[in-house]
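Since the model is a prediction, treat every value here as computed from it, not as a measurement. To find a chain, count down the sequence lines: A is the first, B the second, and so on, and within it residues start at 1.
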Amino acid sequence: AQSVTQLDSQVPVFEEAPVELRCNYSSSVSVYLFWYVQYPNQGLQLLLKYLSGSTLVKGINGFEAEFNKSQTSFHLRKPSVHISDTAEYFCAVSGSNSGYALNFGKGTSLLVTP
Amino acid sequence: SQTIHQWPATLVQPVGSPLSLECTVEGTSNPNLYWYRQAAGRGLQLLFYSVGIGQISSEVPQNLSASRPQDRQFILSSKKLLLSDSGFYLCAWIRQGAPEAFFGQGTRLTVV
């Protein structure tokens, strides 16, 4: 089975500053990795995904993440955040078990202030 | 293009009442379907998944059940709701062979 740990429950940051949201995973098999964003009272929107190939993946809204197999990490980064990036961010992992269901971390609340 | 519909958006139900939440997917066939619950301040917990009509797998023992009467329809039910069933319920689908999941807008259930 796969699992995900998001190391920070809350990350406050000033507008236009860089941000990194940390995610570590555990799995005994090859995995797929994802970052989703959730705005209040809404569903989840996919930011980016790692399936295979290049370890640096770029997503929507200027976000990117790097898959590091040796450190079992998939940290999310953005060089300059906006107020509108304030939201809950979830890291997720899936594999061939449970019908490729996603296993989510507990989420990181990103709060961007002026 | 594919879309996923989930309703209702909000629901307030008394303890002991029944529940039926519906999710339908359009624009694809034979998707994998999932029900998740998100409790306040917590992550998403997988409740059920289905890889085909009539095929339901439960991830956690609970007061809920799921059914898939049609290829693109997934229903979450309960005969008698508990206070602990309150939460934000999300339906999701995955295209066969592609692991990226797409989510509905969710149902906010409050059991009073």
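- Proximity to chain A (any heavy atom under 4.5 Å) is shown, for B:Gln45, by neither the backbone nor the side chain.
- Near-neighbour residues of residues 55-85 of chain A relative to chain B, defined by a heavy atom under 4.5 Å from a heavy atom of that chain, are none.
- Using a distance-only test at 3.5 Å, with no hydrogens or angles considered, no donor-acceptor pair links the side chain of A:Tyr36 to the main chain of B:Phe103.
- Residues in residues 10-22 of chain B take part in these side-chain hydrogen bond (donor to acceptor under 3.5 Å, both in side chains) pairs, two or more places apart or across chains: B:Gln13-B:Ser17, B:Glu22-B:Gln73.
- For the pair A:Tyr100 and B:Pro99, the tightest heavy-atom approach, listed with the atom from each and the gap, is CD2-CB, 4.4 Å.
- Using a 4.5 Å cut-off between heavy atoms, A:Leu46 touches chain B through its side chain atoms alone.
- Put simply, A:Phe90 and A:Leu33 are part of two different groups of oily side chains (I, L, V, M, F, W, Y) that touch within less than 4.5 Å, one to the next.
- Taking all atoms of both residues into account, the shortest heavy-atom contact from A:Phe34 to B:Glu100 is CE2-CA, 3.8 Å.
- For chain B, no part of A:Glu88 is nearby; none of its heavy atoms comes within less than 4.5 Å.
- Proximity to chain A (any heavy atom under 4.5 Å) is shown, for B:Leu44, by both the backbone and the side chain.
- Transitive grouping of hydrophobic side chains (ILVMFWY, heavy atoms separated by less than 4.5 Å) brings A:Leu48 and A:Val37 into a common cluster.
- For residues 50-59 of chain B, the interface with chain A (any heavy-atom pair closer than 4.5 Å) comprises B:Val51, B:Glu59, sorted by residue number.
- Under the 4.5 Å side-chain heavy-atom criterion for Ile, Leu, Val, Met, Phe, Trp and Tyr, B:Trp35 and B:Ile94 are members of distinct hydrophobic clusters.
- Note on B:Leu109 and B:Phe74: same hydrophobic cluster, where clusters join Ile, Leu, Val, Met, Phe, Trp and Tyr whose side-chain heavy atoms are under 4.5 Å apart, directly or indirectly.
- Side chain of B:Tyr36 to main chain of A:Leu102: a donor-acceptor pair is present (N/O by atom type, distance under 3.5 Å, no hydrogens or angles).
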Going by atom type alone, with no hydrogens or angles, which donor-acceptor pairs under 3.5 Å involve a side-chain atom of residues 82-91 of chain B and a protein atom two or more places apart or on another chain?
from, atom 1, to, atom 2, distance (Å)
B:Asp85, OD2, B:Asn63, ND2, 2.9
B:Asp85, OD2, B:Leu82, N, 2.8
B:Ser86, OG, B:Leu83, O, 3.1
B:Ser86, OG, B:Val111, N, 2.8
B:Tyr89, OH, B:Arg37, NH1, 3.1
B:Tyr89, OH, B:Asp85, O, 2.4

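- No continuous path of ILVMFWY side-chain contacts below 4.5 Å connects B:Phe48 to B:Ile75, so the two sit in separate hydrophobic clusters.
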